[in-house]
Amino acid sequence: MTKTYLEYFKEICCIPHGSGNTSQIKDYCVEFAKEHGLEFYTDELNNVVIRKPASKGYEGHETVVLQGHLDMVCEKDPDVDFDFAKDSLKLRTEGDFLMATGTTLGGDDGIAIAIMLCILSDNSLSHPALECVFTTDEETGMFGAAGIDAAQITGRKLINIDSEDEGIFTVGCAGGARCEVALESETIDASGIFVDLTVSGLTGGHSGVEINKGRLNSNVVLIALLSKMVGKGMDFNLCKVQGGSKDNVITNKTECTVSLVNESLFADLCGLIAEFIEEVKVDTDPNLTIDLKKSDKLEEKALTFEKTKEVVSMLSKYPNGVQKMSDDIEGLPQTSLNFAVVELVDGKLTLRFSVRSSVTQEKLDLIKELEEISSQYGASFMSDGHYPAWEYRKISNLRDTMVSVYEKMYGNKPKIEVIHAGLECGLFSEKLEGLDAVSIGPDLYDIHSPKERMSLSSAQRVYEFVIETLKNL
């Protein structure tokens with residue numbers, strides 16, 4: 001008996017498949033192909049392509065590509081004991097929503113995997129020849145799509161199932177890149193009053209989809225606090241900083257350790273933080289908290305007072321958030337930056353940024369600005385993971401067919417839009433000449449955060465819509 005797409009999704013949730021850890025989920029897809037007698041291809045990046053011949057009567061139709069990515073963003077609540085490298089997600093249902101307890105759900109993009117496997121396994125469906133493409137490490141730079149052998153994909157109509165809003169057909173996206181800054185400084189054995197600072201309680205979210213919602217970034221909040229401490233003449237040594245781990249996540253928790261020269265500065269810092277919270281709090285992040293507590297450490301490796309001021313000065317100069325909105329599409333960010341990671345350990349400072357823009361020159365200009373700021377302070381700079389923008393096609397037979405099917409099924413028109421988040425369609429459009437692509441997906445909320453949840457009724461409708469679209473192509 002054929003499994004449902006939801007049964008496949010639950011199986012996927014039992015397999016570790018975070019970005020950079022996709023070998024087991026790749027093996028699962030390969031075993032699926034073998035079990036169902038389907039032709040497949042895989043590579044050293046753990047990409048998988050599974051092919052299925054056209055059903056009876058569709059032999060002369062153009063091949064259709066269905067595509068999604070195998071990896072998920074691994075985020076958890078601070079107090080949750082969970083190992084993404086080996087543990088199964090703990091699923092629960094609340095009303096219409098499926099979620100994972102204390103962790104991300106991986107609906108982005110496990111639902112695409114599940115839908116494709118279900119369609120491949122069901123011989124009762126009518127469809128053209130199918131090429132189901134499962135890529136890897138999309139969340140950390142689209143490295144699977146960038147490295148896949150394009151000769152393995154013959155279809156030129158591609159349905160990407162990696163969007164988060166039902167009824168919205170995405171037909172264009174921003175390009176982007178990942179940037180990293182590194183600076184090593186001499187340290188001293190600091191002593192005095194050690195204080196642990198923690199910025200937490202922020203909403204967080206996806207650095208593309210939600211970058212224009214005004215949400216606070218905990219790295220940026222901490223840097224602003226440190227800058228305020230310097231501005232108030234508060235001498236302190238910067239010991240440790242840790243904030244963020246994923247380039248495409250708006251960081252919601254950042255921790256820091258500083259040393260103060262005397263007890264009186266602790267009281268001053270308490271007052272400063274209370275004042276600071278009132279200055280920075282916004283409606284999008286009502287639960288912002290900045291905790292401070294004295295540490296029992298007696299000694300800690302730290303930057304000198306002067307180096308601390310220099311590093312804080314450098315950090316405060318980096319931009320963050322939306323840099324320019326689109327002049328053509330209302331409400332669409334054109335160029336943005338996410339201050340994703342800041343880490344200071346034993347004098348070694350590491351920063352990571354995610355840069356996005358639908359205008360290539362603006363993306364390059366923003367990367368150049370980051371490089372120039374870094375150079376001013378003697379820090380090294382590199383950028384990688386570049387991916388192209390996916391340009392809107394004025395003429396699209398695939399889009400027209402999908403719109404027609406949607407109207408017949410649901411009685412209203414879908415919304416056609418271009419988004420700021422990156423999609424692998426851009427890379428495939430660059431690799432596959434003449435590619436006609438549309439991205440769809442069910443309603444997913446708070447992706448890339450432990451609050452992530454998927455509407456089950458929406459997932460069912462999207463599954464049915466994909467089946468009906470294939471029947472009409």
Side-chain angles (χ1 to χ4, degrees), residues 140-141 176-192 194-199 207 217-251 253-261 297 299-321 323 336-356 363-386:
T140 52
R178 170 185 178 273
C179 300
E180 184 168 309
V181 177
L183 177 67
E184 289 200 48
S185 304
E186 292 185 4
T187 60
I188 60 171
D189 293 325
S191 59
F194 290 99
V195 177
D196 294 328
L197 295 167
T198 304
V199 177
S207 66
N217 179 314
S218 58
N219 290 337
V220 176
V221 172
L222 177 69
I223 291 165
L225 175 60
L226 295 175
S227 183
K228 193 173 184 69
M229 290 165 64
V230 171
K232 292 287 186 180
M234 188 177 292
D235 283 337
F236 62 94
N237 299 98
L238 193 54
C239 304
K240 293 179 180 177
V241 184
Q242 179 60 63
S245 60
K246 308 292 190 305
D247 298 344
N248 55 1
V249 175
I250 300 172
T251 308
K253 182 179 180 180
T254 306
E255 300 172 295
C256 173
T257 300
V258 301
S259 67
L260 307 175
V261 293
K297 299 182 181 72
E299 193 175 274
E300 183 80 73
K301 293 291 184 183
L303 306 182
T304 64
F305 289 144
E306 290 305 313
K307 194 64 180 180
T308 292
K309 292 175 184 177
E310 185 179 323
V311 167
V312 171
S313 173
M314 179 179 76
L315 293 174
S316 64
K317 287 187 178 180
Y318 289 111
N320 179 71
Q323 304 299 296
S336 77
L337 175 76
N338 180 45
F339 201 147
V341 175
V342 55
E343 180 180 81
L344 175 67
V345 180
D346 293 332
K348 183 176 180 180
L349 179 70
T350 303
L351 312 175
R352 291 214 308 270
F353 303 88
S354 174
V355 176
R356 303 176 191 268
K363 179 185 83 170
L364 297 176
D365 289 345
L366 186 51
I367 291 171
K368 185 65 175 176
E369 180 182 351
L370 297 178
E371 184 175 14
E372 289 175 350
I373 293 170
S374 305
S375 178
Q376 290 172 17
Y377 292 87
S380 65
F381 179 88
M382 60 87 70
S383 66
D384 64 5
H386 288 256

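Count residues from 1 along the sequence. Note that this is a predicted model, so its numbers are computed, not measured.
Summarising the geometry, atom CG belonging to Asn248 is positioned 8.0 Å from atom CG belonging to Asn338; distances are rounded to the nearest 0.5 Å. Once rounded to the nearest 0.5 Å, the distance linking CE of Met314 with CD of Glu310 reads 8.0 Å. With rounding to the nearest 0.5 Å, the separation of CG in Leu303 from CZ in Phe236 is 9.5 Å. Within the model, atoms CD of Gln242 and SG of Cys256 stand 11.0 Å from one another, a figure rounded to the nearest 0.5 Å. For the atom pair Ser185 OG and Leu349 CG, the distance stands at 7.5 Å (nearest 0.5 Å). In this structure, CD1 on Ile188 lies 7.0 Å from CZ on Phe305, to the nearest 0.5 angstrom.
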The test is side chain to side chain contact (heavy atoms under 4.5 Å, CB included); show your working for Leu222 and Leu315 and say whether it passes.
CA-CA 10 Å; Leu222 177 69; Leu315 293 174; over 6 Å; no
For a side chain to side chain contact (heavy atoms under 4.5 Å, CB included) check, start with the C-alpha distance between Val181 and Tyr318, then their side-chain angles and the critical distance, and finish with the verdict.
CA-CA 11 Å; Val181 177; Tyr318 289 111; 3.7 Å; yes
Please walk me through it: do Arg352 and Asp247 pass salt bridge (Lys or Arg N to Asp or Glu O under 4.0 Å)?
CA-CA 7 Å; Arg352 291 214 308 270; Asp247 298 344; 2.7 Å; yes
Please assess His386 against Ile367 for the test side chain to side chain contact (heavy atoms under 4.5 Å, CB included), listing each intermediate value before the final yes or no.
CA-CA 11 Å; His386 288 256; Ile367 291 171; 3.6 Å; yes
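Put simply, the side chain of Val341 does not reach to within 4.5 Å of the side chain of Thr350, judged on heavy atoms. Between Leu370 and Pro319, the closest side-chain pair of non-hydrogen atoms falls below 4.5 Å. With a 4.5 Å cut-off on side-chain heavy atoms, Lys368 and Leu364 do not count as touching.
Counting all heavy atoms, side chain and backbone alike, Lys246 lies closest to Ala340 at O-CB, 3.5 Å. What you find for Ser383 and Cys179 is that their closest heavy atoms are CB-SG, 3.9 Å. The two atoms that bring Ala302 and Ala190 nearest to each other are CB-CB, 3.7 Å, heavy atoms only.
Under a 3.5 Å cut-off, the side chain of Ser316 and the backbone N or O of Val312 do form a donor-acceptor pair. Without hydrogens or angle criteria, Ser218 side chain to Thr251 main chain gives a donor-acceptor distance under 3.5 Å. Under the 3.5 Å distance criterion, the side-chain polar atoms of Asn237 are left unmatched by any main-chain donor or acceptor of Val258. Using modelled atom types, no side-chain atom of Asp196 and backbone atom of Glu255 make a donor-acceptor pair closer than 3.5 Å. With hydrogens and angles ignored, the 3.5 Å screen pairs a side-chain donor or acceptor of Thr308 with a backbone N or O of Leu238. Distance alone, capped at 3.5 Å, places no donor-acceptor pair between the Ser313 side chain and the Lys309 backbone.
Atom NZ of Lys240 has 12 or fewer neighbouring heavy atoms from other residues, nucleotides or ligands inside a 6.0 Å radius.
Close placement of the Phe353 and Phe339 rings is indicated, their centers lying within 6.0 Å of each other.
Under the side chain to side chain contact (heavy atoms under 4.5 Å, CB included) criterion, Val345 pairs with Glu343, sequence neighbours left out.
Test Thr198, Asn217, Asn219 against Thr254 for side chain to side chain donor-acceptor pair (under 3.5 Å) and you get one pass: Asn219.
Under the 3.5 Å distance criterion, with hydrogens and angles disregarded, a donor-acceptor pair is assigned to the side chains of Ser207 and Arg356.
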